[in-house]
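Reckoned from all heavy atoms, side chains included, excluding hydrogens, waters and symmetry mates. Keep in mind that what you see is a predicted model, and the values were worked out from it rather than measured. Just so we're on the same page: letters track the sequence lines, and every chain starts at 1.
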Number of protein chains: 2
Amino acid sequence: MRLDEKQGVMKIGELAKRSGLSAHTIRYYERIGLLPYADRDAGGRRDYDESILVWIAFLDRLKTTGMPIREMLHYAELRAEGGHTGPERRRILEAHRDRVRTHLADLQACLLVLDTKIDTYVEAEKRTHSHDDTEHSHKAGPIGARSARA
Amino acid sequence: MRLDEKQGVMKIGELAKRSGLSAHTIRYYERIGLLPYADRDAGGRRDYDESILVWIAFLDRLKTTGMPIREMLHYAELRAEGGHTGPERRRILEAHRDRVRTHLADLQACLLVLDTKIDTYVEAEKRTHSHDDTEHSHKAGPIGARSARA
DNA sequence: CCTTGACTTAGAGCGCGCTCGAACCCCTAG
DNA sequence: CTAGGGGTTCGAGCGCGCTCTAAGTCAAGG
């Protein structure tokens with residue numbers, strides 16, 4: 001370990017671990033322009049510093065909320081272009097936010113229907129097993145306790 | 001119009017209009033087993049009755065909530081198999097519901113971050129244009145009023 | 001009779017977002 | 001010196017969910 005290598009602290013493998021993306025995916029993202037071209041060390045290997053993690057986390061959120069890569073790319077290009085693109089980036093995010101809100105509402109509506117449907121199955125099972133309530137053991141458990149967060 | 005054709009009331013084209021799926025997609029769904037094999041008229045054309053719309057609406061909800069076709073297919077097969085598969089169908093729906101809830105929570109979290117990010121752009125624009133607040137007219141409007149439902 | 005147009009089938013093709021394989025390079029530990 | 005385990009590039013391949021093309025059938029209207 002010599003001291004003339006201070007900039008980059010992570011090689012792609014470590015970034016992969018820390019970001020949750022695969023090294024393959026990181027290279028792919030760089031190729032298409034979602035990630036900035038990374039500095040290389042003497043041997044041509046990518047060398048990242050922490051700051052990339054922030055950008056990747058942001059991309060993850062866009063991805064989670066269903067933004068297509070094409071659009072993330074557009075945003076990334078604007079970002080690379082500089083500060084004067086702020087207003088357009090803002091508009092992109094606002095439009096995206098609205099789509100997400102709409103989708104969220106759709107999901108919530110579906111969830112209600114799903115709950116209702118599940119209830120009809122629960123009722124049906126009650127009627128079928130009627131009073132015969134010997135342990136349903138492994139079948140499902142007493143509802144709830146399964147939903148992790150929320 | 002003769003009277004010996006009462007069962008089916010819709011041809012695939014009308015079902016397409018009423019269900020929002022394309023005729024291509026309807027045939028595709030039948031092929032893979034998501035939709036039951038439809039009765040054909042004398043000329044071999046598919047002839048549907050209203051009840052199919054209910055099933056399609058349910059499939060749409062599963063789709064909207066991100067269930068992969070493979071799993072809908074499994075559900076569809078159980079359904080076709082009969083009433084004794086109720087408990088398993090129930091378990092499938094419960095597991096799916098839990099995934100949807102989790103995803104919903106993720107989305108909500110992302111939405112918060114998105115809002116924050118947008119705020120930073122808004123702030124930045126405030127500082128840039130400072131007191132120069134001549135109409136930003138078509139740029140965005142005074143927020144809100146755009147999200148349709150919800 | 002002939003055209004129009006909605007229907008039929010089998011199967012190819014597409015857009016998306018990765019994911020992987022092949023062949024090679026380079027650094028380090030044993 | 002050698003083996004291993006990273007890394008590199010380029011490009012092919014894949015799973016998903018449709019989407020479309022081609023070639024043909026059939027029924028009704030002018």
Side-chain angles (χ1 to χ4, degrees), chain A residues 1-5 7-49 52 56 59-76 96 99, chain B residues 1-5 7-35 37-49 52 56 59-76 96 99 103:
Chain A
M1 184 191 290
R2 298 209 318 288
L3 354 103
D4 54 317
E5 19 168 279
Q7 298 303 316
V9 183
M10 277 180 281
K11 289 282 181 281
I12 201 173
E14 200 192 335
L15 178 58
K17 268 170 218 148
R18 295 181 57 181
S19 69
L21 301 175
S22 74
H24 280 310
T25 301
I26 293 170
R27 287 190 207 100
Y28 165 69
Y29 280 0
E30 182 184 296
R31 238 162 37 207
I32 66 174
L34 253 196
L35 295 180
Y37 186 82
D39 293 340
R40 312 296 158 114
D41 68 9
R45 279 95 171 266
R46 289 172 182 80
D47 221 343
Y48 296 94
D49 71 32
I52 194 71
I56 291 178
L59 289 179
D60 273 349
R61 284 180 224 285
L62 295 182
K63 184 165 80 180
T64 296
T65 51
M67 182 183 284
I69 280 187
R70 240 173 313 96
E71 200 171 339
M72 296 191 218
L73 210 44
H74 182 199
Y75 184 94
H96 181 59
R99 288 194 303 267
Chain B
M1 188 189 290
R2 299 209 316 288
L3 355 103
D4 53 319
E5 17 168 282
Q7 297 304 316
V9 182
M10 276 180 282
K11 289 281 181 282
I12 200 172
E14 200 192 336
L15 178 57
K17 269 169 216 147
R18 295 181 58 182
S19 68
L21 299 176
S22 74
H24 280 310
T25 301
I26 293 170
R27 288 189 205 101
Y28 165 69
Y29 280 0
E30 181 184 296
R31 248 178 8 226
I32 65 174
L34 254 195
L35 294 180
Y37 186 84
D39 292 341
R40 314 294 158 117
D41 68 11
R45 278 96 171 267
R46 290 170 183 81
D47 223 341
Y48 297 95
D49 72 31
I52 194 71
I56 290 178
L59 288 179
D60 273 349
R61 284 181 224 286
L62 294 182
K63 184 165 79 179
T64 295
T65 51
M67 183 182 284
I69 280 186
R70 238 173 315 95
E71 199 171 339
M72 295 190 219
L73 209 44
H74 182 199
Y75 185 93
H96 182 59
R99 287 193 303 267
H103 183 54

From OH of A/Y28 across to P of C/dT19 the rounded distance in Å is 10 Å
Atom CE of A/M72 and atom P of C/dC16 are separated, to the nearest Å, by 12 Å
inquiry  = Taking the side chain as everything from C-beta on, heavy atoms only, tell me whether B/K11 gets closer than 4.5 Å to B/R46.
reply    = no
Using OP1 and OP2 only, check whether a side-chain N or O of A/R40 sits under 4.0 Å from C/dC25. no
Separation of D/dT19 atom P from B/I26 atom CD1, nearest Å, is 12 Å
Next on the checklist: Between A/R46 and D/dT9, is there a contact of a side-chain N or O with OP1 or OP2 at under 4.0 Å?
Outcome noted: yes
The residue, B/G43 or B/Y29, whose nearest nucleotide of DNA chain D is more 5′ is B/Y29
Which of A/I56, A/V9, A/I26 passes side chain to side chain contact (heavy atoms under 4.5 Å, CB included) with A/Y48? It is A/I26
Taken to the nearest whole Å, CZ/B/R45 to C1'/C/dT8 is 8 Å
A/D41 CG to D/dG6 P, in whole Å, measures 16 Å
task = Could you check whether B/R70 gets within reach of a base, just the sugar-phosphate, or nothing at all, counting any heavy atom under 4.0 Å?
result = sugar-phosphate
Distance below 4.0 Å between B/K63 side-chain N/O and D/dC18 OP1 or OP2: yes
Next item on the list: Kindly indicate whether the side chain of A/L21, heavy atoms from C-beta on, has any atom under 4.5 Å from the side chain of A/D60.
Entry: yes
Whole-Å distance, B/R31 CZ to C/dC7 C1', equals 15 Å
**Item:** Within-4.5 Å side-chain heavy-atom neighbours: A/M10 and A/D49
**Value:** no
Can a side chain N or O of B/R27 be found less than 4.0 Å away from OP1 or OP2 on C/dT8? yes
Separation of C/dG11 atom C1' from B/E30 atom CD, nearest Å, is 17 Å
Counting C-beta onward and ignoring hydrogens, is there a side-chain heavy-atom pair between A/I69 and A/Y28 closer than 4.5 Å? yes
Separation of D/dT19 atom C1' from B/H24 atom NE2, nearest Å, is 6 Å
Per nearest nucleotide of DNA chain D, the residue lying toward the 5' end, B/M67 or B/A42, is B/M67
